[in-house]
Amino acid sequence: MEKKYHIVTYGCQMNVHESEKLAGILRSRGYAETSSKEEADIVVFNTCCIRENAENHAYGNIGALKKLKKARPAMLIAVGGCMTQQPGAAERLRKKFPFVDIVFGTHNLEEFGALLDRKIGRKKAVIDIWDKEGEVREDDISFRTSYPNAWVNIMYGCNNFCSYCIVPYVRGRERSRAAEAVVAEVNDLLDRGYKEITLLGQNVNSYGNDCGEVSFPQLLRKICARDEKFRLRFMTSNPKDFGEELVRAIADHRQLCHLIHLPVQAGSDRILRLMNRKYTAREYLQKVEMLRRIIPDCQLSTDIMVGFPTETEEDFRATLELVRAADFSAAFTFVYSRRSGTVAADMEGQIPEEVQKERIMRLVELVNAQTREKSLSYRGKTVEILCEDYDDKKRLYMGRDEYGRMGYFTSEQNRIGNFVDIHVTDSSGISLMGEIVAKE
Ligand code: SAH
Ligand code: SF4
Ligand code: F3S
């Protein structure tokens, strides 16, 4: 009988894509996917540690497997990703959950197959965390399940050390992939019928800084030289390095979506300085202005954090003010979470939970109001949706417009992987409802 794997993923899109790589490795060893842990021969947890609740979530789910492991001792449990890459985390995990069979980190994720081979037929757990970055791999080992969308790494790691952030510690220094390898991977995906490509890096604007030659805007131009219809997105762009050359590249190529994710984090200059973000609120807004001048129909999304150490009511109000001024279409909002090992973790003036909670509620209220307003402006318009999936419950096809907004519609035909024009009939929530506009 075929062996089965089940992968549980936490965290960002980078992790989601890395789970596709783990799936590729498992399939090359004869495993097939199962949606049930009970049926799996191996369960892999690909973890995140960006905030405390991400870790608690993983801990809870790993702990919940204890019974199953007792009933089926041959089932393997593997834990890897950002959480296990933190100093001492592997030991803590093993102490708490001695039934875990394999522990790996971020730097050896692509070596997972070798770890699995080592574990098979051996009683002792295999624990292997590298403290140094591994070689950048250029071949695509992933088994993709997100058609018609695909993720492509352009770089790994981060050099920015924002004072609250654990990523540089668990992902190592910036390493860029070779431009030819990125272009070849994208071309291969397009040949295979993928329609939307998202380039991934913690700060895509520093692409190429470590190896010279091709800058990020140049990389985008190389990809878009393939003159056909597809969508190209990227995540994430750090405002400190966001410049006109990049905006010009976006304006020049129809494949580049006019939604830019530009995480601002805070609106108070004092807090931005303590965060080590290297821009002021004014500089941020000037960049937004430049973007809107060159690409008038551009929309903006962002990440914002409240309750950073020493944040006062006045600082928080500056954040609200900036949210109004920048007119974001969408914002991911977070309560600051103290991450051991980061500079901010040792700062005086950590903010009490009640204050953080009160502020996040006020922020979310403002952000939601803005998103709703944007939604209403969609009514009666025709938008182009890339159909991604069929929602069995709603019995509707679904997909996103260029700005990332989810749209639903009915269709007799299977539309997955097609660009479809819909006339928006309702947009009261965050998503759109529409009817297909007949095409000649
Ligand atoms: N590289 C990206 C961010 C990756 S993390 C960038 O620089 O924009 C995604 C988001 O998580 C960040 O933008 C930030 O808003 C949030 N985040 C990071 N560390 C956090 C922490 N310690 N507590 C709460 N939110 C955090
Ligand atoms: Fe974290 Fe800052 Fe790097 Fe983004 S740029 S991953 S927030 S350190
Ligand atoms: Fe991503 Fe979480 Fe790691 S956000 S980079 S999976 S810490």
Side-chain angles (χ1 to χ4, degrees), residues 8-19 21-22 45-58 79-86 89 105-107 109 151 153-174 199-207 209 234-242 260-267 271-272 274-279 284 300-309 311 319 323 328 330-347 350-351 353 356 359-360 363 367:
V8 187
T9 309
Y10 308 87
C12 60
Q13 295 189 23
M14 201 160 296
N15 251 26
V16 176
H17 181 42
E18 270 157 7
S19 287
K21 295 184 186 176
L22 291 168
F45 293 92
N46 189 12
T47 62
C48 169
C49 58
I50 197 85
R51 286 169 288 275
E52 196 183 354
N53 53 14
E55 290 197 275
N56 291 344
H57 208 159
V79 185
C82 291
M83 186 175 98
T84 47
Q85 187 66 47
Q86 298 170 96
T106 55
H107 298 321
L109 183 131
W151 290 285
N153 289 112
I154 63 165
M155 58 191 299
Y156 302 92
C158 181
N159 290 356
N160 289 317
F161 289 94
C162 301
S163 64
Y164 49 81
C165 184
I166 194 79
V167 170
Y169 302 91
V170 294
R171 290 277 179 172
R173 296 296 68 73
E174 285 173 1
L199 306 176
L200 296 176
Q202 293 298 348
N203 177 14
V204 291
N205 300 314
S206 37
Y207 172 80
N209 283 358
F234 52 85
M235 285 195 89
T236 298
S237 196
N238 189 311
K240 80 177 165 68
D241 309 310
F242 183 80
I260 304 296
H261 186 62
L262 202 58
V264 67
Q265 313 299 356
I271 295 292
L272 284 169
L274 285 177
M275 285 178 165
N276 194 29
R277 288 293 285 184
K278 302 198 169 79
Y279 54 83
Y284 182 89
L300 205 63
S301 64
T302 198
D303 293 348
I304 312 168
M305 203 185 298
V306 302
F308 184 83
E311 185 188 67
T319 296
V323 169
F328 297 114
F332 299 94
T333 53
F334 307 106
V335 169
Y336 164 75
S337 170
R338 196 172 184 173
R339 304 285 67 206
S340 157
T342 62
V343 171
D346 297 327
M347 285 181 184
Q350 301 283 327
I351 303 293
E353 214 179 298
Q356 291 183 322
R359 286 182 191 160
I360 191 91
L363 176 64
V367 165

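For the single chain, residues carry numbers from 1 onward in sequence order. All ligand and atom numbering here is 1-based and tracks the order in the structure.
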- Mark up the atoms of ligand 1 that fall under 4.0 Å of a heavy atom belonging to Arg277, in ascending order. 7 (O)
- Message: Tell me the contacting part of Pro168 for ligand 2: side chain, backbone, both, or neither, using a 4.0 Å heavy-atom threshold, strictly below.
- Response: side chain
- How does Phe161 reach ligand 2, if at all, at less than 4.0 Å between non-hydrogen atoms: by side chain, backbone, both, or neither? backbone
- Task: Pick one of side chain, backbone, both or neither for how Arg51 approaches ligand 1, counting any non-hydrogen atom pair under 4.0 Å.
- Result: side chain
- Message: Once you restrict to heavy atoms under 4.0 Å, what part of Asn203 touches ligand 1? Side chain, backbone, both or neither.
- Response: neither
- Task: Could you check atom 15 (O) of ligand 1 against the protein and tell me its nearest heavy-atom contact, residue, atom and distance included?
- Result: Gln265 OE1, 2.7 Å
- Message: I'd like to know whether ligand 2 has Asn203 as a neighbour, heavy-atom separation below 4.0 Å.
- Response: no
- Item | Proximity to ligand 2 by part of Cys162, non-hydrogen separation under 4.0 Å | both
- Note on the structure: Counting from 1 in the order shown, the ligand 1 atoms closer than 4.0 Å to a non-hydrogen atom of Phe334 are 10 (C), 11 (O), 15 (O), 16 (C), 25 (N)
- Note on the structure: Of all protein heavy atoms, the one nearest atom 5 (S) of ligand 2 is Asn160 ND2, 3.4 Å
- Near Gln202 (heavy-atom distance under 4.0 Å), the atoms of ligand 3 are 5 (S)
- Message: Is the contact between Met14 and ligand 1 made by the side chain, the backbone, both, or neither, using heavy atoms and a 4.0 Å cut-off?
- Response: neither
- Residue part near ligand 2, for Thr236, under 4.0 Å between non-hydrogen atoms: neither
- Query: Heavy atoms only: which of Cys12, Cys165, Pro263 is nearest to atom 8 (O) of ligand 1?
  - Reply: Pro263
- Nearest protein heavy atom with distance in Å, relative to atom 2 (Fe) of ligand 3: Cys48 SG, 2.3 Å
- Query: If you count the atoms of ligand 3 from 1 in the order shown, which ones are under 4.0 Å from a heavy atom of Cys12?
  - Reply: 1 (Fe), 4 (S), 5 (S), 6 (S)
- Tell me, please: is Arg277 in heavy-atom contact with ligand 2, that is, under 4.0 Å? yes
- Query: Which residue holds the protein heavy atom closest to atom 1 (Fe) of ligand 2, what is that atom called, and what is the gap in Å?
  - Reply: Cys165 SG, 2.3 Å
- Task: Starting from atom 23 (N) of ligand 1, find the nearest protein heavy-atom neighbour and note its residue, name and distance.
- Result: Ser337 N, 2.9 Å
- Query: Which option out of Tyr336, Tyr164, Phe332, Phe308 puts a heavy atom nearest to atom 19 (N) of ligand 1?
  - Reply: Tyr164
- Query: To the nearest 0.1 Å, how far is atom 3 (Fe) of ligand 3 from its closest protein heavy atom, and which atom is that?
  - Reply: Cys82 SG, 2.3 Å
- Query: Where's the contact between Arg338 and ligand 1, heavy-atom distance under 4.0 Å: side chain, backbone, both or neither?
  - Reply: neither
- Query: Nearest non-hydrogen atom to atom 1 (N) of ligand 1 belongs to which of Glu52, Gln202, Arg339, Arg171?
  - Reply: Gln202
- Can you find a non-hydrogen atom of Met83 under 4.0 Å from ligand 3? no
- Relative to atom 9 (C) of ligand 1, which among Ile166, Asp303, Val264 owns the nearest non-hydrogen atom? Asp303
